Amino acid sequence: MAAVATCGTGAGSTGSVVAAGSKNHVTSFQRRGPRASGSDSSYSRLVSIAGTRPSVRNGQLLVSTGLPALDQLLGGGLAVGTVLLIEEDKYNIYSSLLFKYFLAEGIINGHTLLVASAKEDPADILQELPAPLLDDNFKKDFDEEACNHKTAESNIKMKIAWRYQLLPKMEAGPVSSSRFGHYYDASKKMPQELIEASKWHGFFFPEKSSSTLNIEPCSLTHGYIKLLQFIQNIIYEEGFDGSNPQKKQKNILRIGIQNLGSPLWGDDICCTENGNSHSLTKFLYVLRGLLRTSLSACMITMPTHLIQNKAIISRVTNLSDTVVGLESFIGSERETNPLYKDYHGLIHIRQIPRLNNLIYDVSDVKDLAFKLKRKLFTIERLHLPPDLSDTVSRSSKQDLAEPSKLLGPGCGVMAGGKKHLDF
Amino acid sequence: DQLLNRPRSLSGPSGKLTLLCDANTDGSFLVHHFLSFYLKANCKVCFVALIQSFSHYNIVGQKLGVSLTVARECGQLVFLEGLKSSVDVFFRAQAEPHPLQFLREANAENLQPLYEFVREALKPVDDGEAAWRCPVLLVDDLSVLLSLGMGAVAVLDFIHYCRATVCWERKGNIVALVHDSGDTEDEENNILLNGLSHQSHLILRAEGLATGFCRDVHGQLRILWRTPSQPTTQRDQSLTYQYKIQDKSVSFFAKGMSPAVL
């Protein structure tokens, strides 16, 4: 739905974008360095950064998150200068996969990476990135797979449920050799030469924690202060904030922070309820300030299910731009629930930012589930299967009612009503 | 612009505190409206923008018909960009006190530097060449101050001081946005919200629909007029509208009268 809607309005608004061309140069989100304000050459230079494209809605520069399905849900991609917060699933399986997709996308596009982790050495994380799928190989496999599950829904006109024919399908495979957003094979590793050719900086907290602090104590935990200084150093030295006018080729800095807020960073919000409750929020605020004034995009994974003080979660959500929550079925009772047998988990888009606009792209589909196939991470609309059994026992009806109640509330920013209409 | 069909007059009694509140939805369209409204009405505006960058407000403002860059250059608008200044404050020690000084301190007691900034910004200009109308303080948003380590009492004190200066001394208006956290037990936020609701003259509350997400009706706006100073012989008036946000405006309609439904 979102793809159709943006295509429709895109045709109309690109006209206005072109017409208000000079206005857009000044007003694009990239107005940072002394050069990047209101000149034709800088606008075309910005657009030509590899791996980015302007949004059709507001001319924002977007980068891919590494998952084209997620890009579609977020309105085209992740806007440069914003924070994407992933609320981790319980065992941190799928969120670390999304994290790797994000970094792999950066390597393929030639962006500079900054990987921060308190758990694993960034060099090790980079070794485990999934390999990109080349279009021709994948198309062959994908076509074979599609033939194998011969559902024939798309080809045969629906006779009874003909209204559903009008619903657009969510894209599941590579449609064209787009340079924005690539598909990755989770079973293979990224070739070594690509990793070595890329530019990356790593921040591994246990290594850096021993050096001394030289700013006055504020309420941020030690780890966060060091991480902020590191990020700010890289941004300043490499000229992502336009401060170094020698740079000919502008590039995007992709920052990935893993497990922020976990006790490994020295923060105790996951352990006690009355811990240092402002450390994480202050960190996010200053980080966002850094991002807004530089050509960078950040993905943070956070174990929000561990945070004891629920107020912090809402504050963190308010302070981030895009928030996506993952809920995997592993280990929960939903694993055996027949509703969810095709999927590995649910994905909740909790917040999408309204940047430079009063409105935003929001997909109509609120019940989304993901599954990880061998080569593909798909996000699909969750359908409740029809209840075909003759004897519907009371317990199964209970099971069906419970998850459907949870599917009701939509995106938190739009309207998060807990009550729903029972038909 | 906006199809706000409630009576609004700037020449009416000034010195008002308007509270914008959002629950389960995003109330920033109200901030954009007030910003463009006051700029068009030729008021001197001090905008403490803590949550988004200047270019964001500028672009939306252009859609609503005001240019923030022009206003800033001619002195009508004093803009404190929280995100950009926070980076400056945090990484480099400042010589003079900065409005966001509390970011560096471990236990910041109060928001006095911020108050001094506001007072300085809305000082009446003595040469009188550009006679702006009443001064306005706009804050977007106050809940962020809680996240940055200030207590609810400190924020309430800040608003109280600003009110004394802006509303009573200079006969201006204050508009502030606070998030309502709803179910989550954010006590500090609740203290702030209740305290401000008690003090304000006008409360605009944007809520999500109780039944969940809808494409055509983005939410519900509750307007509540209050007269906190007078003993309430007259009852507080309240109105409820539902709204849909469009690209350049917001359309309001009575409950159930959305054009999509009729």
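Within every chain, numbering begins at 1; the chains are lettered A, B, ... in the order of the sequence lines, protein sequences first and strands thereafter. The figures that follow rest on heavy atoms only: side chains count, while hydrogens, waters and symmetry mates do not. All values derive from a computational prediction rather than experimental measurement.
Using a 4.5 Å heavy-atom cutoff, the side chains of A:Arg315 and B:His179 are not in contact.
The two atoms that bring A:Val286 and B:Val87 nearest to each other are O-CG2, 4.0 Å, heavy atoms only. Nearest heavy atoms, B:Leu148 versus A:Lys282: O-CE, 3.0 Å.
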(message) Show, in sequence, the C-alpha distance, side-chain angles and deciding distance for B:Ser147 and A:Asn318, and conclude whether the side chain to side chain contact (heavy atoms under 4.5 Å, CB included) test is met.
(response) CA-CA 10 Å; B:Ser147 307; A:Asn318 284 336; over 6 Å; no

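With values rounded to the nearest 0.5 angstrom, A:Ile225 atom CD1 is found 5.5 Å from B:Phe90 atom CZ. The OG atom of B:Ser86 lies 11.0 Å from the CZ atom of A:Arg292; values are rounded to the nearest 0.5 Å. In this structure, B:Asp88 CG and A:Thr293 OG1 are separated by 8.5 Å, a value rounded to the nearest 0.5 Å. One finds the OG atom of B:Ser53 at 11.5 Å from the CG atom of A:Leu291 (value rounded to the nearest 0.5 Å).
Contact annotation for A:Leu228: both backbone and side-chain heavy atoms come within less than 4.5 Å of a heavy atom of chain B.
In this structure a side-chain-to-backbone donor-acceptor pair under 3.5 Å is present from A:Tyr285 to B:Leu50.
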